[in-house]
K.L.:
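Please see the structure below; I have some questions.
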Amino acid sequence: MNDSPIGVYDSGFGGLSVWREIHRALPEESLIYLGDGKNCPYGSLAEDRIRELAVNAVRVLIDRGCKLIVVACNTATSAAISHLRATFPHIPFVGLEPAVKPACERTRTGVVGVVATERSLTGAKFLSTLARYGGGVRVVKAVGRGFVEAVESDAENAPETEAAVRAVVDPVIAEGADIIVLGCTHYPFLRDTIKRVVGDRGVEIIDSGEAVEKRVESLLAEYDMHASGEATPVFEFLTFADDAYRERLRRKAFGI
Ligand code: DGL
């Protein structure tokens, strides 16, 4: 048993899609969410820079006593997770990866679309996952241009966001994809818009939120670190941006 909080880190709002999954499944766990905000988006930053930002953020979470840290950002995971594990060997980390494996197992057309940031799609980790699970399946990669910015500015349902989504999703479907993998934690906030764009074309949209939550549960069990259930859970929101941003994080987490 351990009543210390779980840390959840992202470049901004995106990791809140993971935060929600964890909170839904493990309501007794205290959570500290750190949404950088100041340096977002990370998607096209150099790997070195992302590593530096990630170490900084994780240090803040460790200083707050986090027992486990979820890097709820595909981009930061791709650029920094090995470095984080080596730098903080006493902390269990959970990283985010596009759900390529289930998509490749489930596709009926043999074509899978993966939409993510530029950094994630070119990272060594993604390429090795593709090599491992993508055999016999054609994977169409697409950068979600403008997606992160839309979520960061609360413009999920704006007409220009729908146009940006259409510009990315239509060509992927035209290639024959019957599954689209959301490979960035910001994108689940665009799910309704993506669904609208997909319409009745029979395309499934999947993300990694639930799989990550399951991984958190299994690590809590492995290290015997579940919250005791005796303390009232505490939910904190931190950022390198300003107080207004922190308040927006809190509201988006609870969907208010
Ligand atoms: N939420 C992020 C991800 O999962 C990062 C997006 C960004 O900052 O570009 O990749």
Side-chain angles (χ1 to χ4, degrees), residues 7-22 33-58 61 69-84 93-100 103 113-127 129-130 141-156 161 164-165 168 180-191 193-194 205-213 215-216 237-241 245 248-249 252-253:
V8 182
Y9 158 58
D10 179 50
S11 63
F13 288 110
L16 291 171
S17 60
V18 176
W19 185 98
R20 285 180 177 186
E21 289 284 347
I22 298 171
Y33 185 87
L34 195 160
D36 179 331
K38 191 171 166 198
N39 304 288
C40 184
Y42 282 9
S44 39
L45 296 180
E47 255 186 31
D48 282 6
R49 176 67 181 142
I50 299 172
R51 267 201 286 276
E52 206 181 322
L53 294 169
V55 166
N56 242 342
V58 161
L61 291 171
I69 292 176
V70 182
V71 180
C73 175
N74 294 72
T75 309
T77 299
S78 159
I81 195 94
S82 318
H83 185 68
L84 291 172
F93 283 96
V94 177
L96 255 286
E97 264 193 88
V100 169
V114 180
V115 186
T117 67
E118 198 180 324
R119 174 63 51 215
S120 293
L121 291 175
T122 51
K125 207 161 172 21
F126 177 67
L127 298 176
T129 304
L130 270 194
K141 295 176 257 174
V143 175
R145 294 216 188 281
F147 289 19
V148 170
E149 291 80 352
V151 174
E152 289 291 315
S153 55
D154 287 327
E156 284 93 336
T161 302
V165 167
V168 173
I180 293 181
V181 177
L182 305 183
C184 167
T185 53
H186 278 73
Y187 300 175
F189 286 110
L190 296 172
R191 190 179 276 272
T193 306
I194 297 171
I205 300 154
I206 62 175
D207 63 50
S208 314
E210 203 182 320
V212 168
E213 183 282 307
R215 179 72 189 136
V216 169
F237 297 89
L238 309 176
T239 181
F240 297 130
Y245 192 88
R248 287 177 60 213
L249 287 173
K252 212 175 185 80

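Side chains are part of it too, since the values below use all heavy atoms of this structure and drop only hydrogens, waters and symmetry mates. Read the numbers this way: they start at 1 and go in the same order the structure lists the ligands and their atoms.
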K.L.:
Looking only at distance, does Val148 have an N or O less than 3.5 Å from an N or O of ligand 1?
P.N.:
no

K.L.:
Testing Ile50, Val143, Leu45 for side chain to side chain contact (heavy atoms under 4.5 Å, CB included) with Arg119, which one passes?
P.N.:
Ile50

K.L.:
Considering only the protein, which heavy-atom contact is closest to atom 9 (O) of ligand 1, and what is its distance?
P.N.:
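Ranking protein heavy atoms by distance from atom 9 (O) of ligand 1, first comes Gly43 N, 2.8 Å.
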
K.L.:
How long is the span from the CG atom in Asp207 to the NE2 atom in His186, to the nearest 0.5 Å?
P.N.:
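NE2 of His186 is found 14.0 Å from CG of Asp207.
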
K.L.:
For the residue pair Tyr245 and Phe237, is the inter-centroid distance of their aromatic rings smaller than 6.0 Å?
P.N.:
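No: the rings miss the under 6.0 Å criterion.
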
K.L.:
List ligand 1 atoms under 4.0 Å from Asp10, heavy atoms only on the residue side.
P.N.:
1 (N), 2 (C)

K.L.:
Quick one: pull up CG in Leu238 and OH in Tyr33 and give me the separation to the nearest 0.5 Å.
P.N.:
11.0 Å

K.L.:
Looking only at heavy atoms, is any part of Ser11 under 4.0 Å from ligand 1, and if so is it the side chain, the backbone, or both, or is it neither?
P.N.:
side chain

K.L.:
Pull out every atom of ligand 1 sitting under 4.0 Å from any heavy atom of Asn74, numbered as shown with elements.
P.N.:
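Once the distances to Asn74 are compared, the set is 3 (C), 4 (O), 10 (O).
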
K.L.:
Using side chain to side chain contact (heavy atoms under 4.5 Å, CB included) as the criterion, point out the one residue from Thr161, Thr117, Thr193, Val165 that pairs with Phe147.
P.N.:
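Exactly one pass, corresponding to Val165.
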
K.L.:
Return yes or no for this condition: an N or O of Thr117 is under 3.5 Å from an N or O of ligand 1.
P.N.:
no

K.L.:
Can you tell me the protein heavy atom closest to atom 7 (C) of ligand 1 and the distance?
P.N.:
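Nearest neighbour among protein heavy atoms for atom 7 (C) of ligand 1, to 0.1 Å: Tyr42 N, 3.3 Å.
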
K.L.:
For ligand 1, find out whether one of its N or O atoms is nearer than 3.5 Å to an N or O atom of Ser120.
P.N.:
no

K.L.:
Taking only heavy atoms of Thr75 into account, list the atoms of ligand 1 that are under 4.0 Å away from them.
P.N.:
3 (C), 5 (C), 10 (O)

K.L.:
I'd like to know if Lys252 and Glu156 make a salt bridge, using a cut-off of under 4.0 Å between side-chain N and carboxylate O.
P.N.:
yes

K.L.:
Pro41 heavy atoms, cut-off 4.0 Å: which ligand 1 atoms fall inside?
P.N.:
7 (C), 8 (O), 9 (O)

K.L.:
Does Thr185 reach the side chain of Val212, with side-chain heavy atoms less than 4.5 Å apart?
P.N.:
no

K.L.:
Among all the protein's non-hydrogen atoms, which is closest to atom 2 (C) of ligand 1, and how far away is it?
P.N.:
Cys73 SG, 3.3 Å

K.L.:
Please work out, at 4.0 Å between heavy atoms, whether the side chain, the backbone, both, or neither of Leu96 comes within that distance of ligand 1.
P.N.:
neither

K.L.:
As an exercise, state the distance from CD1 of Ile205 to OH of Tyr187, rounded to the nearest 0.5 Å.
P.N.:
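Ile205 atom CD1 to Tyr187 atom OH measures 14.0 Å (nearest 0.5 Å).
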
